Number of protein chains: 2
Amino acid sequence: MIGTLAAGALAPHPLYKEVKSRITRDLAAGVWKPGEPIPSEARLARGFGVSIGTIRKAIDELVAERILLRQQGRGTFVATHSEDRTLFYFFHIVGKDGSRELPMTEMLSFRKTTARKEDATRLAIAPGTPTLRIQNLLKLGGKPVVFDDIVVPGALFPDLDEHTFAGRDGTIYGLYQARYGINVIRISERLSSALATGTVAARLAIEAGAPVLVIKRVALSYNDTPVEYRVSTVNTAAHEYLSDLWKTEGR
Amino acid sequence: MIGTLAAGALAPHPLYKEVKSRITRDLAAGVWKPGEPIPSEARLARGFGVSIGTIRKAIDELVAERILLRQQGRGTFVATHSEDRTLFYFFHIVGKDGSRELPMTEMLSFRKTTARKEDATRLAIAPGTPTLRIQNLLKLGGKPVVFDDIVVPGALFPDLDEHTFAGRDGTIYGLYQARYGINVIRISERLSSALATGTVAARLAIEAGAPVLVIKRVALSYNDTPVEYRVSTVNTAAHEYLSDLWKTEGR
DNA sequence: TTCGATTTGTTCGTATGTATT
DNA sequence: TAATACATACGAACAAATCGA
């Protein structure tokens, strides 16, 4: 018998890759919501007309990419931005003594504007496209450490206003995910060193001209679609940016 | 029949984990040298008395950790530090225009000293232990961009002298690997911003007091054994540090 | 508390495809 | 062409964790 899937059109060679991209498509379409279980491996196998091993191989890769989360005896779930597990995957600032702490955030401003040139290229949209621009202050140990300047395409977040934003429960990416179905799964960051300008220095309670770490981040969703551009300015007097490749472990 | 391995003592639960740690042990012991193939999956399966699927699962993880490299039709090889594939995994400085370029390096000094406090804690050795300390200048596009201050335990590199070091063919980690059997498989980096001191500024041909990126790196071998501590100072006027989690792709 | 159904985790085995030498 | 090695796909059995009856 020919598998119902193998008989389909133009599989990108291996069967499990086809299964993976179909699951990814459904994930992107919101068929299963974050935190919810996807169908069991046995059910998916029957549905796709492939063996359970093929399903497992497809899911293996999605789990490695942190898009799905397996739990023995329970099921396989769409990863959320509310677990500690994923928090420190997107937040890299730690104390110089090695301490890891989640920041308290304070919204400083929320404006509707249009994409400047830099915003546009990073977000792959046309200059002048409506955007939301949010300024955020992150405190660690009660002291301001990071100043965030966030730009997102307005079209992705239709009715987002400053009260919704400031009154959110968890992280920003958690808000994107839970209320707008926008799932940040990967980030790309470029770091450089600079001198604090007067306005930023005031936010961070440091002197103008003090050295600061500047992080330019693009947040990406399924199929590497950019959904947020963020410039963070960090006071690294007592904190550092941690880049620990492959200590993800648990593999 | 009971598998020859399962009958052995105290497997850390799953069989494939035991297989993995045995392969890792042999790798660390230098049974197979970098660039050489390890035995075929079928041969390993017979040797361990387990199924080929179990071998594959163990090797899968070692490949994901970039310790091994599979090539269909050829075999499975011990990863080396000479392939482009791995170079940019350990070198993160790119042009602000996105250009990736391998640096020209110039050795500035090579000294035999002893571990200072910071060196000792990072390398997990006692303060005062003999070390080698090397200063290196990295040029991109002909201009100095990175100043490296490298400390390694002398015991790991018995007869290493400055001519061997300066006259090496490829990368520094390639030298560690090929001549001393020291295999760097992972790095952990902590980044901060600072003002250039006079001596470093002179090396980088910038003004003292200019902002620089400071990278403190620990290079790790099998079982997370630290083998090198390196402080890099980067002029980020025209370059950036790229942290691209999970664009490793090919998975 | 116990039991059974469900779901993922591990291990085995086999067959066939594809790349390399 | 033939042999070898990894890649894909299938199927089956049992273990371990979870959850509700």
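Everything numeric in this text was worked out from a predicted model, so none of it was measured. Sequence lines set the chain letters: A, B, ... in the order given, protein chains first and strands last, and positions in each chain run from 1.
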Can you give me every donor-acceptor pair (side chain of residues 25-36 of chain B, partner residue at least two apart or in another chain, under 3.5 Å) with its distance?
residue: B:K33; atom: NZ; partner: B:G30; partner atom: O; Å: 2.8
residue: B:E36; atom: OE1; partner: B:K33; partner atom: N; Å: 3.1

When the distance from [atom1] of [X] to [atom2] of [N] is rounded to whole Å, what number comes out?
X	N	atom1	atom2	result
A:D60	C:dG9	CG	C1'	11 Å
B:I55	C:dC12	CD1	C1'	13 Å
B:K20	C:dG9	NZ	P	16 Å
A:Q71	D:dT18	CD	C1'	10 Å
A:E18	D:dT8	CD	P	15 Å
A:L69	C:dT7	CG	P	17 Å
B:R46	C:dC12	CZ	C1'	16 Å
B:Y16	C:dT10	OH	C1'	8 Å

Presence of [X] side-chain N/O under 4.0 Å of [N] phosphate oxygens OP1/OP2:
X	N	result
B:R56	D:dC6	no
A:K57	D:dA9	no
B:T54	C:dC12	yes
A:R74	C:dT6	no

Minimum heavy-atom separation for B:E228 to B:I172, with atom names?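 In terms of heavy atoms, the two residues are closest at OE2-CG2, 4.3 Å.
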
B:Q177 side chain vs B:A79 backbone, donor-acceptor pair below 3.5 Å: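 Pair found, side chain donor or acceptor close to backbone of B:A79.
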
Looking only at atom types and distance, does a side-chain atom of A:D148 sit under 3.5 Å from a main-chain N or O of A:I150, one as donor and one as acceptor?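 No, A:D148 side chain to A:I150 backbone: no donor-acceptor pair under 3.5 Å.
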
Nearest to the [X] side chain among [options], which nucleotide is it?
X	options	result
A:R43	D:dA9, C:dT7, C:dT14	C:dT7
B:S40	D:dA5, C:dC12, C:dT8	D:dA5
B:V50	D:dA7, C:dG9, C:dC12	C:dC12
B:R70	D:dA7, C:dT10, D:dC19	D:dA7
B:T76	C:dC12, C:dT8, D:dC6	D:dC6

Please determine whether the number of non-hydrogen atoms from other residues, nucleotides or ligands lying under 6.0 Å from atom CG of B:D159 exceeds 12.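 Enclosed.
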
Hey, can you pull the residues of residues 24-35 of chain B with a non-hydrogen atom under 4.0 angstrom from DNA chain D?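 Contacting residues: none.
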
Cationic tip of B:R22 within the cone over B:F48's six-membered ring, i.e. under 6.0 Å and within 45° of the normal?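 No, a cation-pi geometry is absent between B:R22 and B:F48.
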
Is the Lys NZ or Arg CZ of B:R100 less than 6.0 Å from the centre of B:F88's six-membered ring, within 45° of the axis?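 Positive - B:R100 is close enough to the ring of B:F88 and near enough to its axis.
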
Should the pair B:F157 and B:Y176 be assigned to parallel (<30°), tilted (30 to 60°) or perpendicular (>60°) ring geometry?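 Correct class here is tilted.
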
In Watson-Crick or G-U wobble terms, both distances under 3.5 Å, what is the partner of C:dT1?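 Across any shown strand, C:dT1 pairs with none.
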
Base, sugar-phosphate, or nothing for A:G75, non-hydrogen atoms under 4.0 angstrom?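 Counting heavy atoms under 4.0 Å across all strands, the contact made by A:G75 is with sugar-phosphate only.
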
Under 3.5 Å donor-acceptor pair, A:Q72 side-chain atoms to D:dA16 base atoms: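 Per atom types, the contact qualifies.
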
